[in-house]
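Note on naming: letters A, B, ... go to the chains in the order of the sequence lines (proteins, then strands), and numbering restarts at 1 for each one.
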2 protein chains.
Amino acid sequence: MSHTVGIRQVQKQKTRQALLDAALALLEEQSLSSLGLREVTRAVGVAPTAFYRHFRSTADLGVALVEEALGSLHRMVRSTVTAADSSDERIHRAVELIARHVDAYPAHVRFIARERHGGVQSVREAIRGQLGRFAEEVRDELAQDPEARGWSEDDLLMLSHLYVDQMLATSSLFLEALDGPESERERITRLATRQMRLISIGRRHWLD
Amino acid sequence: MSHTVGIRQVQKQKTRQALLDAALALLEEQSLSSLGLREVTRAVGVAPTAFYRHFRSTADLGVALVEEALGSLHRMVRSTVTAADSSDERIHRAVELIARHVDAYPAHVRFIARERHGGVQSVREAIRGQLGRFAEEVRDELAQDPEARGWSEDDLLMLSHLYVDQMLATSSLFLEALDGPESERERITRLATRQMRLISIGRRHWLD
DNA sequence: AATTACAGAGAACAGTTGTTAACTGGATGA
DNA sequence: TCATCCAGTTAACAACTGTTCTCTGTAATT
């Protein structure tokens, strides 16, 4: 059993990552279902056939991109939700956290938003699975909050999905405003903050 | 000025509609950005060049599809929101209205969900514009409700967007469960009903 | 009845696509 | 040192793409 890296494996991983990066960049202006294998290899500078050493198809590459993109979202989601409990101050910080995440990983956010309902089934399923896991994590997080006293597991999961969906919707809004004026970004921040606040209010009075 | 229909114009409209229908069907398994002009004409049974008599490109056809798809959604949105004011009974009926709409126009719902964040800019913009108009309509509807007393126009629009997004998210869930078991559809109904209820609770206590 | 307008057909174009097969050369392991 | 492995290359394939130009037949207009 050799866990030695090896020049060879390193090179392969490097090429693989280059393919993923190139694909992600190309997906800024199209959907995965129209992404061609030759298009990706051309962008990287390798022969078309080299693609098969790493992925079975572009759909397969898409599934790999889901892991990568949601890996970066992963950390953000936890921070967001644990911050989104109640106080206006914390909600506002959560929204700004989302904004900063979109600034840092716009291509990842775009990919998830685009392919969540996109034309490639395996990718849709991968995203759905990952988001489902997110929602479960969020539920466990929420369960530890004193405000969750008396809530059923099912209701907590219902709320988690609401939070996750709201976070993605907000991310998408920030994404569209990436190259826009700062005023637009502020408008979105105010909008998202109030929506989050309304949900929090509903949460607080759920058991009334 | 002749507003006579004319055999010729009728035929043209018929072909145009056939192109739209064929495209919508083909888009069940792919995104608009990968939809080919030849693919559509082949499905209809006309020459590829006939396409240009009706649309400049497939993106152009996509914009036309937005009008058609959101026309059917139009009626549903109004019914849903006017019913989603408060009582559990009315909320439940609103969710079932969504479910029935998805049953009736699955291809339309799929198209909007898929292309809202899809790879074709002009189509994204068309959808965004239409949904924005929806939200404004909903706001006007909400404004007439006694519960909206003391609400600012801006807050009403914030709530409208929350309703519209929630409606689309629910539609998408029902769509994925179209060929699934009835139990799954019931699960979604319960989930969406509770989410809508939580939002309504937040709405009721917004001015506290 | 003669002329015009125009939806659709047909053929051809250069360029693209995914996939197969056989090959090369340098890292790997015995 | 030598045989093996394997990431990436090269060449070729049939099939497909969007777009142009020319043509046809018939409805609409005069």
To the nearest 0.5 Å, what is the distance between CG (A/L198) and CD1 (A/I91)?
-> 10.0 Å

[N] [atom2] sits how many Å from [X] [atom1], rounded?
X	N	atom1	atom2	answer
B/F55	C/dA7	CZ	P	13 Å
B/F51	C/dG8	CZ	P	13 Å
A/R16	D/dG8	CZ	C1'	17 Å
B/I7	D/dA27	CD1	C1'	7 Å
B/D60	D/dG18	CG	C1'	15 Å
A/Q17	D/dA7	CD	C1'	17 Å
B/Q13	C/dA7	CD	C1'	12 Å
B/K12	D/dA27	NZ	C1'	14 Å

Does a donor on one side chain sit under 3.5 Å from an acceptor on the other, for A/S172 and B/H117?
-> yes

For each nucleotide in nucleotides 9-18 of chain C, reading 5' to 3', give B when a protein heavy atom comes within less than 4.0 Å of its base, S when such contact involves only the sugar-phosphate, and - otherwise.
-> BBBB----SB

Pairs touching residues 7-26 of chain A that satisfy salt bridge (charged side-chain N to carboxylate O under 4.0 Å, His left out), sequence neighbours left out =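 Every pair satisfying salt bridge (charged side-chain N to carboxylate O under 4.0 Å, His left out) with a residue in residues 7-26 of chain A: there are none.
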
Side-chain heavy-atom pair A/R194, B/W206 within 4.5 angstrom cut-off |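 Yes. Closest side-chain heavy atoms under 4.5 Å.
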
Treating a pair as Watson-Crick (purine N1 to pyrimidine N3 plus N6-O4 or O6-N4) or G-U wobble (N1-O2 and O6-N3) with both distances under 3.5 Å, list the stems of 3 or more consecutive pairs that involve DNA chain D.
-> C:1-12 with D:19-30, C:14-17 with D:14-17, C:19-30 with D:1-12

Could you tell me whether B/E182 atom CD has more than 12 heavy atoms of other residues or ligands within 6.0 Å of it?
-> yes

Pick from B/E67, B/E125, B/H74: which one makes a side chain to side chain donor-acceptor pair (under 3.5 Å) with B/Q130?
-> B/E67

